[in-house]
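The next block holds one structure in the form of structure tokens; read it before the comments.
Atoms within each ligand, like the ligands themselves, are counted from 1 in listed order.
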Amino acid sequence: MVNAIPSLLGFSEKNGQWFAEGISLRKLTQDFGTPLYVYSKEAICSAYRAYDSACIRPDGTRRARIHYAMKANSNLAVLDELKQLGAGFDLVSGGELARALHIGADPKSLVFAGVGKSSAEIENALRVGVKCINVESIPELQRINAIAKTMNLRAPISLRVNPDVDANTHPYISTGLKDNKFGIAYYEVLKTYREAALLPQIDVIGIDCHIGSQITSTSPYLDALDKVLDLITQLQREGIKIHHLDLGGGLGIDYGGESPPNITEFTNTLLNRVEERGFCHLEVLLEPGRSLVGNAGILLTQVEYLKTGVDKNFCIVNAAMNDLMRPTLYEAYHAIVPIHVSQAKPNCYDVVGPVCESGDWLGKDRVLAVNEGDILAILSAGAYGFVMASNYNTRGRAAEVMVDGNEAYLVRQRETPESLYENERTINQASALK
Ligand SMILES: *Cc1c(COP(=O)(O)O)cnc(C)c1O
């Protein structure tokens, strides 16, 4: 297993102490307790600026727009900072639409994706006037047409193309292979566009593809891009006009040894290919999630017990699979580091949580010099961390803090046990309420 520590902008070590921007992590745990998610505003904003500056030509005109895929981290504070920098959003549910509207996002900056949009979600998206609905199947296209008819409007849509390219990532986060549930099969795309163009309540405006997540090389993107540009050429020949090309997200980050292309290089490579192939007037959308927030967040946890054995030693901490599910779900690697130097003897541990599942682990075979009570930082936890948290074992979800320079802001309170069952009733209580 890789053991490198990713370099995290916004987090640093000085004299054996770790800091989030200007505040020591120890101070944050004293003020807010553990487990605690900590995000660096500067790290999020600088990743956004790296994308955004690659989207602007030297003459100041724009070659592409960023729609943050909010499922990676949908805390309102994160959304608001990105909105202020000019980001639009990529949504995958009615809940995410509600969040985007709640922070005052312009509906025209929203694109709505997902394979299983309900009628209520489609109706709501059309009512508020989202920029585009990314359609993932023929039945969905027909449903949108029918709903738009009852609302007496035309629905702006893209078809999500499944380009059948291998993104070389974990099978659970690969989405652009023909065996995946996502998108419209490549060989059916032209036929589906012809059908869409004939539907009276459908306004074909774009084309979309998203091939997966945690992708660490540019070549699968270029393969997908070429296939999609070929389709656009064909569509234009047939008189079906495509105004925008949505290239999805998926750029990977360094969790501990990966070396994905940097954001600027990656964005330039894709946008240059679009222009080299003569599509200079196509509006391009990018939908990064993980690469904007993943390395801008960490999860702090306290060591409860060190349990030594013949074959295995366990470092039992107070964060668990319910707080950070990626190790359990994908066997994902997260670097884990103590936040202060310890005199303890280094030992090899599996870092595990208190949840009653053998799959509840956060890191395996990690050499750590720690004592009970020490604080560990689980790195690269800003994406697909808190958003995947659950209340399993009636554990309240962790607090979230955003650090901005020398200030720390509690951007989500720790959940109390009472709040976890406040919507439940015994049969007796329920019948009294009838
Ligand atoms: C998840 C998702 C993204 C973002 O993926 P990342 O790997 O987090 O960049 C973008 N677009 C769509 C449609 C998605 O489902």
Side-chain angles (χ1 to χ4, degrees), residues 44 47-48 50-51 64-75 78-79 82 87-93 95-97 100 109-117 121 125 130-137 140 157-163 167-177 180-184 206-218 220-221 224-225 228 244-255 258 260-263 266-267 270 284-297 325-326 329-330 332 380-388:
I44 295 171
Y48 181 85
Y51 270 107
R65 283 188 189 281
I66 308 301
H67 289 245
Y68 169 55
M70 72 156 79
K71 73 175 189 288
N73 183 332
S74 55
N75 184 287
V78 173
L79 302 183
L82 289 170
F89 298 99
D90 164 68
L91 322 170
V92 293
S93 73
E96 290 191 348
L97 175 59
S109 73
L110 307 177
V111 294
F112 188 17
V115 288
K117 301 176 196 81
E121 286 175 322
V130 299
K131 175 184 172 69
C132 189
I133 298 183
N134 293 346
V135 178
E136 304 222 12
S137 67
E140 183 192 341
I157 67 109
S158 286
L159 296 187
R160 174 166 175 181
V161 177
N162 182 330
N168 285 316
T169 186
H170 188 283
Y172 283 13
I173 51 178
S174 173
T175 60
L177 279 169
N180 298 135
K181 69 177 177 180
F182 296 99
I184 294 172
I207 192 162
D208 168 50
C209 85
H210 170 71
I211 56 176
S213 199
Q214 187 51 21
I215 301 170
T216 52
S217 100
T218 313
Y221 280 97
L225 174 59
V228 174
H244 77 249
L245 161 61
D246 182 341
L247 286 174
L251 176 61
I253 62 169
D254 177 12
Y255 281 99
E258 301 91 336
N262 79 39
I263 290 173
F266 168 80
T267 309
L270 294 189
V284 180
L285 314 185
L286 300 172
E287 297 173 346
R290 187 191 313 269
S291 51
L292 285 175
V293 291
N295 269 335
M325 195 167 49
R326 297 187 70 260
L329 186 61
Y330 314 121
S380 313
Y384 307 103
F386 183 89
V387 286
M388 284 192 180

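Scanning G212, S213, G252 for the heavy atom closest to atom 7 (O) of ligand 1 points to S213. If you check each of K71, E287, R290 against atom 2 (C) of ligand 1, the one with the closest non-hydrogen atom is K71. Of the candidates H210, R160, E136, the one placing a heavy atom closest to atom 5 (O) of ligand 1 is H210.
Scanning the protein heavy atoms around atom 8 (O) of ligand 1, the nearest turns out to be Y384 OH, 2.5 Å.
Each of the atoms 5 (O), 6 (P), 7 (O), 9 (O) of ligand 1 lies under 4.0 Å from some heavy atom of G250. Short contacts between ligand 1 and A69, defined as distances under 4.0 Å to a heavy atom of the residue, involve ligand atoms 3 (C), 4 (C), 10 (C).
The line from CZ of R326 to OH of Y384 is 9.0 Å long, rounded to the nearest 0.5 Å.
Between Y221 and G249 the shortest heavy-atom distance is OH-O, 2.8 Å. When all heavy atoms of N134 and S158 are compared, the pair lying nearest together is OD1-CB, 3.4 Å.
By the 4.5 Å heavy-atom criterion applied to side chains, N295 and S380 are counted as neighbours. Taking the side chain as every heavy atom from C-beta outward, L79 and Y68 approach each other to under 4.5 Å.
Heavy atoms of P288 come nearer than 4.0 angstrom to ligand 1 in at least one pair. Contact analysis leaves F182 out of contact with ligand 1, as no non-hydrogen atom separation drops below 4.0 angstrom.
Under the 4.0 Å criterion applied to side-chain N and carboxylate O atoms, E96 and K71 are not assigned as salt-bridge partners.
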